[in-house]
Peer 1: 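Here it is, the structure in full.
Numbers here simply count residues along the sequence, with the first being 1.
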Amino acid sequence: QVQLVESGGGLVQPGGSLRLSCAASGFTLGYSGIGWFRQAPGKEREGVSYINFSGGATYYADSVKGRFTISRVNAKNTVYLQMNTLKPEDTADYSCAADIPPYGGGNWWSPFKYDYWGQGTQVTVSS
């Protein structure tokens with residue numbers, strides 16, 4: 001059974017850090033591009049970051065550039081999102097998604113590019 005499971009969310013003060021994990025089972029993550037998305041209440045889902053299958057290409061939304069870092073350890077079938085200098089506006093439910101071969105067309109921030117989705121993990125940034 002194909003599954004993506006996110007973990008690492010929680011409550012953190014502004015300026016703090018969290019590291020999210022996206023663990024895959026039922027398929028080989030190493031062949032997949034992985035995107036992180038977030039959705040805050042009342043807002044549309046937003047693409048946060050993307051890493052290609054090898055880790056050689058990464059992309060970020062302007063709102064998180066310089067604060068978030070995406071990485072992967074294919075041997076562990078896991079992708080990470082290190083989030084530093086968190087702001088209240090980063091509060092959202094964060095999900096990871098896998099783009100498996102044959103890779104979907106379109107921009108990395110388009111949800112339609114992806115084949116599998118996790119259930120999400122909540123990140124709350126508040127004092």
Peer 1: Once side chain to side chain contact (heavy atoms under 4.5 Å, CB included) is applied, do any residues pair with Ser95, and if so which ones, sequence neighbours excluded?
Peer 2: Glu6, Asp93, Trp117
Peer 1: Provide the full list of ring-ring contact (aromatic ring centres under 6.0 Å, His included) pairs with a residue in residues 5-28, sequence neighbours left out, each pair given once.
Peer 2: Phe27-Tyr116
Peer 1: Any side-chain heavy atom of Leu81 sitting closer than 4.5 Å to one from Val48?
Peer 2: yes
Peer 1: Quick one: side chain to side chain contact (heavy atoms under 4.5 Å, CB included) partners of Val123, sequence neighbours excluded?
Peer 2: Leu18, Leu20, Met83, Tyr94, Val125
Peer 1: Can you see which heavy atom on Pro14 is nearest to which on Ser127, and at what distance?
Peer 2: CD-N, 3.7 Å
Peer 1: Report the distance from atom CG of Leu29 to atom CD1 of Ile100, rounding to the nearest 0.5 Å.
Peer 2: 11.0 Å
Peer 1: Does any N or O in the side chain of Asn52 come within less than 3.5 Å of the main-chain N or O of Gly33, such that one atom is a donor and the other an acceptor?
Peer 2: no
Peer 1: Considering residues at least two apart in sequence or located in another chain, which fulfil the side-chain hydrogen bond (donor to acceptor under 3.5 Å, both in side chains) criterion with Asn107?
Peer 2: none
Peer 1: Which residues satisfy the side-chain hydrogen bond (donor to acceptor under 3.5 Å, both in side chains) test with Asp90, sequence neighbours excluded?
Peer 2: Arg38, Arg67
Peer 1: Quick one: which residue pairs count as a salt bridge (charged side-chain N to carboxylate O under 4.0 Å, His left out) with a foot in residues 49-59, not counting sequence neighbours?
Peer 2: none
Peer 1: Which heavy-atom pair separates Lys43 from Gln39 by the least distance, and what is that distance?
Peer 2: O-NE2, 3.1 Å
Peer 1: Just by distance, do the side chain of Asn77 and the backbone of Ala24 share a donor-acceptor pair under 3.5 Å?
Peer 2: yes
Peer 1: Hydrophobic clusters here meaning ILVMFWY residues chained together by side-chain heavy-atom distances under 4.5 Å, can you tell me if Trp109 and Tyr59 are in one?
Peer 2: yes
Peer 1: Tell me if the CD atom of Glu44 is crowded by more than 12 foreign heavy atoms within 6.0 Å.
Peer 2: no
Peer 1: Would you please name every residue forming a side chain to side chain contact (heavy atoms under 4.5 Å, CB included) with Ser126, sequence neighbours left out?
Peer 2: Leu11, Thr124
Peer 1: For residues 97-108, which residue pairs pass the salt bridge (charged side-chain N to carboxylate O under 4.0 Å, His left out) check, not counting sequence neighbours?
Peer 2: Asp99-Lys113
Peer 1: If the condition is side-chain hydrogen bond (donor to acceptor under 3.5 Å, both in side chains), which residues does Tyr114 pass it with, not counting sequence neighbours?
Peer 2: none
Peer 1: If you group Ile, Leu, Val, Met, Phe, Trp and Tyr by side-chain heavy-atom gaps below 4.5 Å, do Trp36 and Leu4 land in one group?
Peer 2: yes
Peer 1: Applying side chain to side chain donor-acceptor pair (under 3.5 Å) as the test, list every pair that has at least one member in residues 12-32; sequence neighbours left out.
Peer 2: Ser17-Asn84
Peer 1: Is the number of heavy atoms from other residues, nucleotides or ligands under 6.0 Å of Gln119 CD greater than 12?
Peer 2: no
Peer 1: Using the side chain to side chain contact (heavy atoms under 4.5 Å, CB included) criterion, which residues pair with Lys65? Sequence neighbours excluded.
Peer 2: Tyr60, Asp62
Peer 1: Are Tyr80 and Ser71 side-chain neighbours, meaning at least one heavy-atom pair lies under 4.5 Å?
Peer 2: yes
Peer 1: Applying disulfide (SG to SG under 2.5 Å) as the test, list every pair that has at least one member in residues 8-97; sequence neighbours left out.
Peer 2: Cys22-Cys96
Peer 1: Is the shortest side-chain heavy-atom distance between Phe53 and Ile34 below 4.5 Å?
Peer 2: no
